[in-house]
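Data first, discussion second: the structure below is written as structure tokens.
As the structure lists them, so they are numbered: ligands from 1, and atoms in each ligand from 1. In this text the structure is predicted, and so the values were computed from the model without any measurement.
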Amino acid sequence: MFLTFLEAPRNAIFYRTSANAMKTVESFPPSLAGICSLQEAMKPGLSVEECVRRLKRYHYTFKRLHQIFTARITAEPLYELKMAFSLHAHLCAEHASALRRRVAEMREPPLGLDVVPDGDLEMFFDEILGAPTTAELTLGLYEKAIPELKRALNRHLEQTNRLADHPTVRLCRFALLEIEDLLKFGSQAIAAVVTADDRQRCASWLKLLDDCLVAAGGIAGTEKSVATLGGFQLAGNAPEKSPYAPKPSRQYSAKPYEYDRVPKRDHRFPDPFNMAVNAEVFLYDKEFPPQPKTLMMFYKRLREIDVPEMMASIITETKEKPWEYYRDMTRQLWDEARHAMMGEVGFANLGIDWPSLVMINHTWSLALNTQLKPIERHAVLYFIEQGLMPKNGKRFEWELGRSSKNPLSGLFQDYDWADEVLHAKIGRDWYLKDFSNAQEAVRYGDQCWSRVLMNWENWRQQGLTQHRNWWPDLYSAACERWGVQPDSKVLAYSTSYQNVRADLKELTGSA
Ligand SMILES: [Fe+2]
Ligand SMILES: [Fe+2]
Ligand SMILES: [Fe+2]
């Protein structure tokens, strides 16, 4: 029997069977593509105007977090924090980029993405940027800023119309996923580095951060403090700042922030000026077998810790570039941090205690950060990375890893190579553009690197290092793990960086 459309049950549809007869079904897949219920899709939600207003504040928050994480990489001594700040800077840059694209979709030009949306929010982030110690910095980031951002994004999800504003919903959900990772790392980091005394010492400053947030109406600017009620009140679509909010005054940001470009390391880097072991000369010497060369490659990877330290200085000190410049450069910065951690894992996998057996120096980031201007540092980076592309560069290291019987070395070099190809492209996109031709850009990079003084002998005379040759001890320890007798020629290797630079040019790098 056929029903007319109007007679059919509300949630029934017709379909044709093979016999061409019409049948009805009464159960369906979820409605609205599974986004939310019909009921939820009927709520008023946020207007486009209000949504954009809030998005700009989330964008500002991610941008400031990116800035703070980046600026604090170089002088943060603790290795794990240096690496995590590199990741968290990258994640914040990616979410800021996604929010920029969303704002641009929403009928609201001019976009005004470079406008500070709120003076109190600005002060909140200025204070964290200027935090004098790791304790204050981590508390400000992981116990104040990021939890507040999480709260604002969750509230957005609760308040917006999930159907009408679905593209924003999606961004918020992705952001929240990674915000959870940041918070998880942050709480563990704080448990490890912040003492009860630290907390007590900075209690009044933490209260100042709260006051900034109250004055700003929260990250989203939707909460006004109502003194008479003694708490927050949701302002929904009509954000207004409370006239009762306390007016905070600047403490650590009373003076403009000064970026510290001198790299610092923790106690696991006991001889940071040591340039006794020239990895490149060893790697390219055909007389030496692949297996010990994996040690040199793990050393080279771990030494890449100096690239985030140096790139953080370029990103922090280079102003007025398009946002994509900062995003791309920060992706590269994170890759370099990953390469360093691959080196760490390579040694851990061999049971090698790298802090006592491998002297990871900071001479390259120190020299570049303190002797060159940001554009000159970028020139050196570009010069080195272009040099990694020919056959004897990253492909060579990958082939070496594969032939070494150390699968981890092969795997890490595979990804290191892929990342370096991306970095060469980032260099072409953001450095090369300023030169009339590629040769000139490379020549300038070479020149800048040649100007860098590596005070090999001076450091020795000043007692900063004895340039102790640590290679025989590392190699002997690895041979023990491998269950092989050390090869006397490999054991005797003692070429330093005194006269030969890392690109094998006579005199003195990284990447
Ligand atoms: Fe690398
Ligand atoms: Fe690179
Ligand atoms: Fe690199």
- [ ] Quick one: report the N, O or S atom of His339 that is nearest to the Fe ion (ligand 1).
- [x] ND1
- [ ] Determine which of the N, O or S atoms in Glu336 is closest to the Fe ion (ligand 3) and give its atom name.
- [x] OE1
Open item on the list: If we count only N and O atoms by modelled type, under 3.5 Å, do the side chains of Thr74 and Tyr259 hold a donor and an acceptor together?
Closed with: yes
TODO: Output the atom name for the N/O/S atom of His423 with the smallest distance to the Fe ion (ligand 2).
DONE: ND1
- [ ] Start with the C-alpha distance between Lys489 and Asp487, add both sets of side-chain angles, then the distance that settles salt bridge (charged side-chain N to carboxylate O under 4.0 Å, His left out), and finish with yes or no.
- [x] CA-CA 6 Å; Lys489 199 162 169 264; Asp487 171 321; over 6 Å; no
- [ ] Return yes if a side-chain donor-acceptor contact under 3.5 Å exists between Glu94 and Ser97, otherwise no.
- [x] no
Open item on the list: Can you tell me which N/O/S atom of Asp416 has the shortest distance to the Fe ion (ligand 1)?
Closed with: OD1
Open item on the list: Is the positively charged end of Arg327 above the ring of Trp323, judged by distance under 6.0 angstrom from the centroid and angle within 45° of the axis?
Closed with: no
Open item on the list: If you consider just the N/O/S atoms, which atom of Glu385 is the closest one to the Fe ion (ligand 2)?
Closed with: OE2
- [ ] Look only at the side chain of Arg72 and the backbone of Lys82, and say whether a donor-acceptor pair between them is shorter than 3.5 Å.
- [x] no
- [ ] Please find out if the Fe ion (ligand 3) and some N, O or S atom of Glu420 are separated by less than 2.8 Å.
- [x] yes
TODO: Give a yes or no on this: more than 12 heavy atoms of other residues, nucleotides or ligands lie within 6.0 Å of atom NZ of Lys264.
DONE: yes
TODO: Report the name of the N/O/S atom of Glu304 located nearest to the Fe ion (ligand 3).
DONE: OE1
